[in-house]
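Heads up: the structure comes next, in structure tokens.
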Number of protein chains: 2
Amino acid sequence: MSLARMTPELFALVAERFRAFAEPNRLQILHVLRLREHTVSELVEETGIGQANLSKHLQQLLSCGLVARRKEGLYTHYSLADRDVLKMCDLMCGRLERETKERKKAFAAK
Amino acid sequence: MSLARMTPELFALVAERFRAFAEPNRLQILHVLRLREHTVSELVEETGIGQANLSKHLQQLLSCGLVARRKEGLYTHYSLADRDVLKMCDLMCGRLERETKERKKAFAAK
DNA sequence: CGACTGCATCACAAGATAGTAATGCAGTTG
DNA sequence: CAACTGCATTACTATCTTGTGATGCAGTCG
């Protein structure tokens, strides 16, 4: 966000990027891709998500630049676009951890 | 996300946090709060968002731990919960900037 | 205590999003 | 070239989200 003046269009674009992360199945996909590149059918196996559904999620992740695609014959390989994708997830998970930890502490204090 | 094994519940929780960021009006609210604490009516003025709507957005931000609330007499003051909130936004904005820059370059290359 | 103010909540309409079965299509194989 | 495979796309339904006007409620002030 920096200190630059933000326009409604920019807010919308940033929101769109965040929305790509804002779905459990998509997070799971990113999590699986963390290990290595996968084909769509591998992802179907790994995640248990239906093929059509998975394909749509992959399109969203791709159009937001979160994953990269590599076509090879009959197969399409997907992988994480860059390290920042993981950084985002880890940052959010860190927040969540601290949060639950503090909640535990609050309980303990009572 | 780290390397810990992720459960469906965790994915859902993380997704919920991301969803809090995934709305233009909420991003605008966070952006305004970046300067300083604001009351709800100040935020209505600053953002142009309707009072009821704004109030709901603030509840969401609060329940996800993105903002803090301080009641004082008739007024409710909201502020950013911590520095990480800005870090998230800046990280995402950075991605977006790079993305558009590369797109420009791609155009230029043609 | 009665009117007022700032904010939260409710109820509802409108729009967006996810899941699924069916279909399309490019690339491969016999 | 005909059948098959992996994936994308379409069409449709169910669910969730957002915006808004009305209402409720706690705190303040005359």
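Numbers restart at 1 for each chain; the letters A, B, ... are given by sequence-line order, proteins then strands.
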The correct set of residues in residues 39-49 of chain B placing a heavy atom under 4.0 Å from DNA chain D is none

Length of the CG-C1' vector between A:L54 and D:dT9, whole Å: 14 Å

Between D:dT18 atom P and B:L61 atom CG, what is the distance in whole Å? 10 Å

Contacts of type side-chain hydrogen bond (donor to acceptor under 3.5 Å, both in side chains), residue B:S41, not counting sequence neighbours: B:T39

Rounded to the nearest 0.5 Å, the CG atom of B:L35 sits from the CG atom of B:L80 at a distance of 9.5 Å

For a quick check of understanding: with a heavy-atom distance under 4.0 Å over all strands, which category does B:Q51 fall into, base, sugar-phosphate or nothing? base

Please work out if A:S55 contacts a base, only the sugar-phosphate, or nothing of the nucleic acid, heavy-atom cut-off 4.0 Å. base

What is the first contacted nucleotide of DNA chain C and what is the last, in 5' to 3' order, if contact means an atom lying under 4.0 angstrom from a heavy atom of chain A? C:dT17 to C:dT28

Applying salt bridge (charged side-chain N to carboxylate O under 4.0 Å, His left out), can you list everything that pairs with B:R83, at least two apart in sequence or on another chain? none

Please list, chain by chain and in numerical order, all residues satisfying salt bridge (charged side-chain N to carboxylate O under 4.0 Å, His left out) with B:R70, sequence neighbours excluded. B:E37, B:E72

Among A:Q28, A:R26, A:K56, the one residue meeting side chain to side chain contact (heavy atoms under 4.5 Å, CB included) with A:I49: A:Q28

Got a sec, which residues hit salt bridge (charged side-chain N to carboxylate O under 4.0 Å, His left out) with B:E99, two or more places apart in sequence or on another chain? A:R17, B:R103

At a cut-off of 3.5 Å, list every protein nitrogen or oxygen paired with a nitrogen or oxygen from nucleotides 10-17 of chain D, distance to 0.1 Å.
| residue | atom | partner | partner atom | Å |
| --- | --- | --- | --- | --- |
| D:dT17 | OP1 | B:R19 | NH1 | 2.9 |

Go through the structure and list residues passing salt bridge (charged side-chain N to carboxylate O under 4.0 Å, His left out) with B:R95, not counting sequence neighbours. A:D82

Please verify the inter-ring angle class for B:F18 with A:F21; under 30° counts as parallel, over 60° as perpendicular, anything in between as tilted. parallel

Close N or O pairs between protein and nucleotides 28-30 of chain D (under 3.5 Å):
none

Under the side-chain hydrogen bond (donor to acceptor under 3.5 Å, both in side chains) test, residues paired with B:N25 that sit two or more places apart: none

Student check: side-chain heavy atoms of A:L96 and B:L10 closer than 4.5 Å: yes

With sequence neighbours excluded, tell me which residues meet side-chain hydrogen bond (donor to acceptor under 3.5 Å, both in side chains) with A:Q59. A:R69, A:Y78

NE2-CG distance between B:H31 and B:L86, expressed to the nearest 0.5 angstrom: 10.0 Å

What integer distance in Å separates A:R70:CZ from D:dC7:P? 12 Å

Could you work out, with side-chain contact (heavy atoms from CB on, under 4.5 Å) as the rule, every residue matching B:A81, not counting sequence neighbours? none

